[in-house]
Chemist: 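I'd like to ask you about the structure that follows.
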Amino acid sequence: MIKLLFSVTIATFFTAFTVISFTEILDAFKKGDAVEVAKFFDNSVEITLAEKSNSYSKSQAELVLREFFNSNTVKDFEIIHKSESVGSQYCIGNLKTSNGQYRVTIYMKQKGNKQVVQEIRFEK
């Protein structure tokens, strides 16, 4: 009985932590805040834009995202779909910017005790 209670407590803790992290990232996207989004980057992040796709270090990925947000002022970010499986989650949303709308996919994975962003795709 104690093992079951312990397992439920741990699962609840990680689920709550995951939801908080994901919500914070989505809020940062709504603001177009690359610095805030980058707090959740893994050591290496794949970013796909219309004109380029590459794997970047955490600091390089922040610069690429900041450049994107500077060129495309964010007006709104609306979640279309999000899903979760053991140790990972993703979200698909519409990012409305000053230069049009982008379909954005964000992939996250559990790494240690936190969720980290491993990939972001922007499709016009």
Side-chain angles (χ1 to χ4, degrees):
M1 183 65 164
I2 292 175
K3 286 182 182 179
L4 177 62
L5 182 60
F6 179 74
S7 295
V8 169
T9 303
I10 293 297
T12 302
F13 171 75
F14 282 118
T15 301
F17 186 78
T18 298
V19 170
I20 291 167
S21 296
F22 208 53
T23 301
E24 290 175 6
I25 291 168
L26 299 178
D27 287 344
F29 256 86
K30 285 181 181 182
K31 297 174 189 170
D33 188 343
V35 174
E36 193 64 31
V37 174
K39 289 180 181 179
F40 299 96
F41 282 170
D42 198 353
N43 295 330
S44 175
V45 180
E46 176 108 10
I47 298 181
T48 301
L49 299 165
E51 64 278 358
K52 60 184 170 182
S53 177
N54 209 342
S55 185
Y56 300 96
S57 70
K58 188 175 184 171
S59 58
Q60 289 173 318
E62 181 183 338
L63 290 174
V64 169
L65 192 59
R66 184 180 307 146
E67 204 173 276
F68 176 83
F69 286 149
N70 285 341
S71 300
N72 300 278
T73 305
V74 174
K75 295 183 177 185
D76 193 23
F77 184 62
E78 176 186 340
I79 303 300
I80 298 170
H81 175 76
K82 57 183 174 179
S83 183
E84 216 177 302
S85 66
V86 178
S88 67
Q89 58 184 322
Y90 74 96
C91 145
I92 299 171
N94 285 328
L95 181 69
K96 295 175 185 160
T97 74
S98 56
N99 292 322
Q101 186 167 296
Y102 291 85
R103 182 180 180 103
V104 178
T105 306
I106 304 168
Y107 291 96
M108 296 179 69
K109 188 167 185 158
Q110 187 77 28
K111 194 169 185 182
N113 64 350
K114 65 180 186 173
Q115 287 280 330
V116 292
V117 174
Q118 291 194 320
E119 184 177 354
I120 303 173
R121 288 186 202 162
F122 296 88
E123 299 171 76
K124 191 100 176 168

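Both backbone and side-chain heavy atoms feed into the values below; hydrogens, waters and symmetry mates do not.
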Chemist: Give the ring-plane orientation class for F122 versus F69, where under 30° counts as parallel, over 60° as perpendicular and anything between as tilted.
Modeler: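 Perpendicular, since the angle between the ring planes exceeds 60°.
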Chemist: Rounded to the nearest 0.5 Å, how far apart are CD of Q89 and CD1 of I25?
Modeler: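 CD1 of I25 is found 7.5 Å from CD of Q89.
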Chemist: State yes or no: do F77 and V37 share one hydrophobic cluster built from I, L, V, M, F, W and Y residues joined by side-chain heavy-atom distances below 4.5 Å, directly or via other members?
Modeler: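 Per the 4.5 Å side-chain linkage, F77 and V37 are co-clustered.
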Chemist: Can you see which heavy atom on V45 is nearest to which on V117, and at what distance?
Modeler: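 Of all heavy-atom pairs spanning V45 and V117, the closest is CG2-O, 3.7 Å.
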Chemist: If you look at every heavy atom in A61 and Y56, which pair is closest and at what distance?
Modeler: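 Smallest heavy-atom distance, with atoms named: N-CB, 3.6 Å.
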Chemist: Sequence neighbours excluded and cut-off under 3.5 Å, please list the side-chain donor-acceptor pairs for residues 97-106, or say none.
Modeler:
residue: T97; atom: OG1; partner: N99; partner atom: N; Å: 3.1
residue: T97; atom: OG1; partner: G100; partner atom: N; Å: 3.4
residue: T97; atom: OG1; partner: G100; partner atom: O; Å: 2.7
residue: S98; atom: OG; partner: T73; partner atom: N; Å: 3.1
residue: N99; atom: ND2; partner: S71; partner atom: O; Å: 2.5
residue: N99; atom: ND2; partner: N72; partner atom: OD1; Å: 3.1
residue: Y102; atom: OH; partner: N72; partner atom: OD1; Å: 3.3

Chemist: Would E123 and R121 pass as an ion pair if we require N to O under 4.0 Å?
Modeler: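 Salt bridge between E123 and R121, a charged N being under 4.0 Å from a carboxylate O: no.
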Chemist: Give the table of side-chain donor-acceptor pairs shorter than 3.5 Å for residues 27-36, with sequence neighbours excluded, one pair per line with atom names and distance.
Modeler:
residue: D33; atom: OD1; partner: V35; partner atom: N; Å: 3.2
residue: D33; atom: OD1; partner: E36; partner atom: N; Å: 3.1
residue: E36; atom: OE1; partner: K39; partner atom: NZ; Å: 3.0

Chemist: I need the L65 CG to I120 CD1 distance, nearest 0.5 Å.
Modeler: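 Output value for this atom pair is 5.5 Å.
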Chemist: Quick test of your reading of the model: are K58 and E62 salt-bridged, counting only N-O distances below 4.0 Å?
Modeler: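 Salt bridge between K58 and E62, a charged N being under 4.0 Å from a carboxylate O: no.
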Chemist: Between D42 and K111 (salt bridge meaning N to carboxylate O under 4.0 Å), is one present in this structure?
Modeler: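 A salt bridge is present here (some side-chain N lies under 4.0 Å from a carboxylate O).
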Chemist: Give, for atom CD of Q110 and atom OG of S85, the distance between the pair rounded to the nearest 0.5 Å.
Modeler: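 Here the rounded value is 11.0 Å.
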Chemist: Applying side chain to side chain contact (heavy atoms under 4.5 Å, CB included) between Y90 and each of E84, H81, Q118, report the one that passes.
Modeler: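 Option passing the side chain to side chain contact (heavy atoms under 4.5 Å, CB included) with Y90: H81.
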Chemist: Please report the shortest heavy-atom distance between S53 and E46, naming the atom on each side.
Modeler: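 Distance-wise, the nearest heavy atoms are OG-OE2, 3.5 Å.
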